[in-house]
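A quick write-up on the structure given underneath.
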Protein chains: 2
Amino acid sequence: MEVLGGKWKLAIVKVLLTGTHRFAALQRALPTITPRMLTRQLRELESDRILRRTVYAEVPPRVEYDLTELGAGLAELVEWLDRWGREYRKVRA
Amino acid sequence: MEVLGGKWKLAIVKVLLTGTHRFAALQRALPTITPRMLTRQLRELESDRILRRTVYAEVPPRVEYDLTELGAGLAELVEWLDRWGREYRKVRA
DNA sequence: CCGTATCCGAAATGATACTG
DNA sequence: CAGTATCATTTCGGATACGG
């Protein structure tokens with residue numbers, strides 16, 4: 001929970017499970033996140049080795065984010081949580 | 001994550017997966033939690049229907065906590081997270 | 001395009017003492 | 001036994017503006 005907790009991390013992982021994304025693409029996938037929060041969460045996930053950050057020395061700059069094998073190992077967990085969340089809403093409603 | 005997030009909730013669920021517990025027993029199982037935090041987390045989990053709180057009108061007072069079916073449905077998730085956490089520590093170390 | 005800097009309010013957690 | 005009350009600290013998340 002220390003690694004995955006908070007409002008955004010699992011959402012970011014979920015997006016990256018669909019493939020490599022650039023910063024702006026992540027912003028589009030998570031429309032309400034501010035650039036500050038996105039940067040922070042990405043850096044923490046990188047430092048926890050959930051994802052990789054790749055900088056291409058180009059103009060304009062290009063930075064790509066993709067899951068490590070450790071991060072990719074969360075696929076089942078995310079699915080599990082999705083399922084449980086749906087069941088939860090059903091029972092609570 | 002809204003239901004299970006935070007420092008203590010999953011730990012409490014994990015303890016209750018081993019059976020019904022009283023307040024003091026939960027404190028013993030989670031030695032660093034303060035009574036204030038334990039109370040708060042228990043009330044939130046109760047309000048989210050993860051666990052049940054049963055008060056017996058006795059002297060001295062007895063209050064028991066146990067998982068609902070919804071809460072018990074988290075067993076697999078907890079196991080999954082445990083496994084992933086162990087793998088995580090191994091890879092990180 | 002991909003971020004940083006600064007400031008802010010709210011929420012989470014903790015320490016300590018006390019009570020029916 | 002099973003909590004409350006009070007106070008302080010820390011962390012989280014957001015708004016806004018700016019920069020290489």
Side-chain angles (χ1 to χ4, degrees), chain A residues 1-16 18-68 71 81 85, chain B residues 1-16 18-68 71 81 85:
Chain A
M1 294 301 281
E2 280 175 38
V3 175
L4 302 173
K7 183 171 174 180
W8 295 110
K9 285 184 180 171
L10 223 52
I12 292 171
V13 169
K14 197 175 167 185
V15 173
L16 291 182
T18 69
T20 301
H21 281 68
R22 299 175 63 174
F23 191 88
L26 284 166
Q27 280 196 91
R28 279 188 294 276
L30 306 165
T32 62
I33 199 172
T34 60
R36 167 180 143 78
M37 285 309 293
L38 183 53
T39 301
R40 290 186 50 146
Q41 305 301 305
L42 287 171
R43 294 294 151 84
E44 290 181 22
L45 288 168
E46 183 192 10
S47 139
D48 286 332
R49 307 198 205 174
I50 303 301
L51 56 79
R52 241 181 320 258
R53 178 172 181 267
T54 311
V55 182
Y56 296 90
E58 305 174 353
V59 180
R62 180 160 60 105
V63 180
E64 289 188 346
Y65 295 92
D66 70 312
L67 296 177
T68 62
L81 274 174
Chain B
M1 294 300 282
E2 280 174 39
V3 175
L4 302 173
K7 186 171 172 179
W8 297 110
K9 285 184 180 173
L10 223 50
I12 292 171
V13 169
K14 195 176 168 184
V15 173
L16 291 183
T18 69
T20 301
H21 281 67
R22 298 175 62 173
F23 191 87
L26 284 166
Q27 277 195 95
R28 278 189 295 276
L30 305 165
T32 62
I33 199 172
T34 60
R36 167 180 144 77
M37 284 310 292
L38 183 53
T39 301
R40 289 188 51 145
Q41 305 302 305
L42 287 171
R43 294 295 151 84
E44 289 179 24
L45 288 168
E46 185 192 9
S47 138
D48 286 333
R49 309 200 204 171
I50 302 300
L51 57 78
R52 240 180 320 256
R53 179 172 180 266
T54 312
V55 182
Y56 296 88
E58 304 174 354
V59 180
R62 180 160 60 104
V63 179
E64 289 188 345
Y65 295 92
D66 70 312
L67 295 177
T68 61
L81 274 172

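Computed over heavy atoms, backbone and side chain alike; hydrogens, waters and symmetry mates excluded. Just so it is clear, the model here is predicted, and its values are computed rather than measured. In what follows, chains are A, B, ... by sequence order, proteins preceding strands, each numbered from 1.
Between B:Ile33 atom CD1 and C:dA15 atom C1' there is a gap of 14 Å when expressed in whole angstrom units. In this structure, CG of B:Leu30 is placed 11 Å from P of C:dG14, rounded to the nearest angstrom. Rounded to a whole Å, the CE atom of B:Met37 is 14 Å from the P atom of D:dT11. Between A:Leu4 atom CG and D:dC12 atom P the separation is 14 Å, expressed in whole Å. B:Glu58 places its CD atom 13 Å from the P atom of D:dC1, with the value rounded to the nearest Å. Rounded to an integer number of Å, the gap from B:Lys9 NZ to C:dA12 P is 8 Å. A:Leu42 places its CG atom 14 Å from the C1' atom of C:dT4, with the value rounded to the nearest Å. Rounded to an integer number of Å, the gap from A:Glu2 CD to D:dC12 C1' is 15 Å.
With C:dC1, C:dT4, C:dG14 as the choices, the nucleotide that has an atom nearest any side-chain atom of A:Pro61 turns out to be C:dC1. Comparing C:dG3, D:dG14, C:dT13 by their closest approach to the side chain of A:Phe23 singles out C:dG3. Comparing C:dT13, D:dG3, D:dA2 by their nearest atom to the side chain of B:Thr39 picks out D:dG3. Listed candidates were C:dT13, C:dT4, C:dG14. Nearest to the side chain of B:Arg40 is C:dT13. Distances were taken from every side-chain heavy atom of B:Arg36 (C-beta onward) to each of D:dC1, C:dG14, C:dC2; the shortest belongs to C:dG14. Side-chain proximity of A:Arg22 to C:dC1, D:dG13, C:dT4: nearest is C:dC1.
Contact annotation: B:Arg43 side-chain N/O to D:dA2 OP1/OP2 distance is not under 4.0 Å. Listed pair B:Lys7 / D:dT11 fails the phosphate criterion, with no side-chain N or O lying under 4.0 Å from OP1 or OP2. The side chain of A:Arg28 places no N or O atom within less than 4.0 Å of a non-bridging phosphate oxygen (OP1 or OP2) of C:dC1.
The residue A:Tyr65 sits close only to the backbone: its heavy atoms come under 4.0 Å of sugar-phosphate atoms, none of a base. In this structure, B:Arg62 reaches the sugar-phosphate backbone alone: every heavy-atom distance under 4.0 Å involves primed, P, OP1 or OP2 atoms, never a base. In this structure, B:Gln41 reaches the sugar-phosphate backbone alone: every heavy-atom distance under 4.0 Å involves primed, P, OP1 or OP2 atoms, never a base.
Atom CD of B:Glu58 is surrounded by more than 12 heavy atoms from other residues, nucleotides or ligands within 6.0 Å.
A salt bridge links A:Glu44 and A:Lys9; the closest N-O separation between the charged side-chain nitrogens and carboxylate oxygens is under 4.0 Å.
Formation of a donor-acceptor pair under 3.5 Å by the B:Thr68 side chain with backbone atoms of B:Arg49 is found in this model.
The closest side-chain heavy-atom distance from A:Thr20 to A:Leu16 is not below 4.5 Å.
For the pair A:Arg53 and A:Tyr65, the NZ or CZ position fails the cation-pi test of under 6.0 Å to the six-membered ring centre and within 45 degrees of the ring normal.
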